[in-house]
Each structure stands twice: as C-alpha cells, then as structure tokens.
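Data block below; observations after.
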Amino acid sequence: MSATKKLFVKTYGCQMNMYDSDRMIDLLKPLGYKLSDVPDDADMIILNTCHIREKAEHKLYSDIGRLEPYKDAKAAKGEYMILAIAGCVAQAEGEEITRRKPCVDMVFGPQSYHKLPEMIAQAYRSLAANGKPAVLDVDFPVESKFDLLPMPSPDNHKGAAFLSIQEGCDKFCTFCVVPYTRGTEYSRPIDAIIKEAKHLVTLGVKEITLLGQNVTAFHGIGPDGKEWSMGRLLFAIAEIDGIERIRYTTSHPKDMHDELYAAHRDIPHLMPYFHLPIQAGSDAILKAMNRKHTADDYRRIVDKLRDIQPNIGMSSDFIVGFPGETDQDFEDTLQLVRDIGYVQAYSFKYSIRPGTPAALIEYQVNEDIKDSRLQILQELLREQQLAFNISRVGKPMTVLLEKEGRHPGQLIGRSPYLQSVHLDAPHRLLGQIVTVDIEGATQFSLAGKMVTQEHIHHT
Ligand code: 5AD
Ligand code: SF4
C-alpha cells in the first residue's frame, strides 16, 4: 500500500495480551507498518493495556504522559502520530480515557482489534476532515474475531509460541475484572486451533502454550460437532508432528476433569509444570472470593496430579489482604504454601477494582497489613523457588533455546519448569531443544553446559 510506517507497541499484563499484540502487528504488516523498539518518530503507537490491578492502570496513564512529547515532536515536523489504547483498560474505561488524555486518538477493546485496518482508515479520514482522529470501539462479543485474524507470521517467534484457544471467563471471582473486560467464556473450534498449531510448526515452532483466561473450562466444538474438553484438545495437539513441548495456562481448580488428568499421564511432551491459581488458603476467604472450591479440594487435586505425573512442578497465584482477611486466614495461606511446595508463584496485594463485588465489602484490609503479609508470603515462595532450583543442580534438563544472552556466545533458554537457563551454545541452535547439565542455580535462573542436541520423537 503506502510507504513504510513506523509502529511501536507496548504490551502490559498477561500472555493473552502478548498474543493479541503479535496478532495486531501481523494485521498491520500488510499496511506497511514496521515494528520499532522505540517510540521516537512512530506513525502509530499502540498501548495494549491491562486492567487486572490498579497499578497496571496507573502505569498506563504515566506512560501516556511520557509519550506526549514524542507526539509533539512528530507534529512539529508536520506529521501525525496516532496514539491508540487497546486491551482491557480500553474496554473498561472507553471514552473516559480520551477525556482524561486528549492526546489519545483511538480506544478499542480486546474484541475489536481484528478491525484495526478499518479503524485506522477511519482515523485518517477523521484526521483529514477535522484535524483529529477519533475512534472508539469497545464492542463485544468475541465470535468473529479469531476467524478474521491472519495466521501468525514468521518473525515473531523463536521456537516457542502462544496460541489463544479460549477467552473470557464465567467464574466471576468477586475481586476480578476479567469477566467484565474480556466477556463471557468463548472457546475456539478445534479445527481452527489445530490449523493454527500446524501453521506454527511450519514456522519452526517446537513449543506451544495454549492460552486462555480459563483454559480448563475449554469446550470448543470438535470436527464431530460435539464439545471437546481441554484434555481432549491436548491429546489432539499432541498428535501434531513437530510439536515437542505443550503448555497451557491459566487453569481453575473447579474445572479439573478426567481427560485432563489422562493427558498429564499419557502425553510425554506435556510439560511437567502446572499453573493452578488458588488465591488464598482459607476456606472463608475462598468462599468470599466466590472461588467455588476449598483449600482441601485444591490439595486433593495436587495429590492426584503428583500421583499421575510425579515430577510435576506446581505454580499458583495468590492475593493477600482480600477484604475481611484475618491473621488466621493469612496463616492458612502460608500453611497451604508449605503443604504444596511451589516451584514458583505470583502473589499480589488485593487491589480494589471498581464494579466488582469485592469492592463493595465494607472491611477492607489496611495497606500496611497488606504490605507486610505480601512480604512474608513472598519470602516463603522465594525460599521454595530457590530450593527447587538448587535441587536441579547436577541433573540434566532439556532446554529450548530462545534468545541470545548478554555475553558473546551465550544463549538463554527455558527448562520444562519455565526457569531461564543460561549456557554457551552456537547461535545456530536458537529455536532448538538441547540437553543441558545444570551446574548452578539462583532464585530466578539456572546455568549449565550443553550435553547433546535433543530430538524428542513422538509416536
Ligand atoms: N487484586 C489483586 N490481584 C488480582 N488478581 C486478579 N484480580 C485481582 C485484584 N483485584 C490476580 C489473581 C489472578 C491474577 C491473574 O491476578 O491472583 O489469578
Ligand atoms: Fe478472574 Fe476468577 Fe475468571 Fe480467573 S477464574 S479470570 S480470577 S474471574
């Protein structure tokens, strides 16, 4: 179409947003947009936002402020920089964003970005007519988006790729905005997922992470016209030649099902790492959170997983300081963490999200208490993570080499447990899976020596 244009994209929040950003980049490529790592002189900036906690939202507004001078500098040259806000803040706040920050030109939610080329054309029309592009699109629902997106394009990956299979959530945990920003649960049809997975393999992808807010609730329509479970989908993905590692996230304890356990038992290249958020260890808090399970239900799930796949590593999400959380409730969370033993986990202070039921609970925990609880929990999780990493030293691990390290000749890859592994290896092995003898460990990464190049064949 037109001459090359510069595109700068910043992604906040979850892996789903990373997937969405890549799809937006793919959509804009045919229009002549080339990705740049810096915002200077960009023709278009997209901030793909996250609404999950207050902090993420604050960051967005301060980033918009920081980007304004770039926009002014471009304007001084007689050119226009389109500033677009995408993602969950866009969905939740809509026009409020342009009211608060008039330099913003476009606001669109996660369910509208497949219309990006059309929205950009509209923006330029409105720029020509009134000197200011103004596009707002925060429509639901999800149905047509995936059908209209192009297949992923080559230069986005290095051996590992995300594949979005499900979006939205019907669980309505009382603290969470996801059901409001991403909408009710939608599962893509099996055929479309398999087609995208096979396409990724042709691009050299060896590891696929199936993504969704609630993948365990997946119920996409299969080629037989019936709803398939997540477990059944995993078996189908496992049959695709060339996929050597499979992951999926995020799961909900309430949706665990027999076919999923069977997948963990029978699929050797389903990675032995399970991210299963519990949020809190106290049944009273779990109830107030509307989690629909108890702490013991969760313990039983983990026991069952460990029976089936003994080397499985558990990961989770925790919220401290949910309204009404007492010292004893918090102690129950610590006890649960001690009982389970995590290879890693994410933990957050409860953050009031307007419009969610928990925001209306009267007894909110004081900020200092939240701070100190978070520190105590994170210290315990840190100890567990470090202990797990140290336990790997002296053992071989398979590593998918994903990027160059800081030192010449060094590459960084990922272990089955998602740890970063640093090693010396030739550049040509990027995107390959190799075996590494682990020699050193810190809380966040491992280091080792390459043994051989691994070829995992599946039947
Ligand atoms: N406050 C703090 N953490 C939250 N999360 C979701 N909503 C909130 C909130 N209001 C956390 C949960 C969830 C993860 C993605 O973010 O732990 O699993
Ligand atoms: Fe949010 Fe709960 Fe749904 Fe997870 S399960 S996306 S925490 S509402």
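Order of appearance sets the numbers: ligands from 1, and atoms from 1 within every ligand. As the structure is a prediction and not an experimental result, all values here were calculated from the model. Numbers for residues simply follow the sequence, beginning at 1.
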Please tabulate, line by line, the atom pairs linking an N/O of ligand 1 to a protein N/O at a distance below 3.5 Å, with the distance in Å to 0.1, or answer 'none'.
unit_1   : atom_1 : unit_2 : atom_2 : d
ligand 1 : 1 (N)  : S351   : N      : 2.9
ligand 1 : 10 (N) : F175   : O      : 2.9
ligand 1 : 10 (N) : S351   : O      : 2.8
ligand 1 : 16 (O) : R53    : NH1    : 2.8
ligand 1 : 17 (O) : Q279   : OE1    : 2.6
ligand 1 : 18 (O) : Q279   : NE2    : 2.9
ligand 1 : 18 (O) : D317   : OD2    : 2.6

Residues D20, Y113; criterion side-chain hydrogen bond (donor to acceptor under 3.5 Å, both in side chains); working and verdict: CA-CA 8 Å; D20 289 348; Y113 70 77; 2.8 Å; yes
Between [X] and [Y], is there a side-chain N and carboxylate O pair less than 4.0 Å apart?
{"X": "R338", "Y": "E331", "result": "yes"}
{"X": "K304", "Y": "D307", "result": "no"}
{"X": "D297", "Y": "K254", "result": "no"}
{"X": "E379", "Y": "R382", "result": "yes"}

is_close_aromatic(Y417, Y273), centroid dist under 6.0 Å: no
Y346 ring center within less than 6.0 Å of H275 ring center: yes
Aromatic ring pairing H264/F274, orientation class (parallel under 30°, perpendicular over 60°, tilted between): parallel
Ring geometry between F172 and Y180 (parallel below 30°, tilted from 30 to 60°, perpendicular above 60°): perpendicular
Under-2.8 Å neighbours of atom 3 (Fe) of ligand 2, protein N/O/S atoms only: 1
Distance flag for atom 7 (S) of ligand 2, protein heavy atom under 4.0 Å: yes
E167 side chain vs E185 backbone, donor-acceptor pair below 3.5 Å: no
Atoms of ligand 2, numbered as shown, that sit under 4.0 Å from any heavy atom of F175: 7 (S)
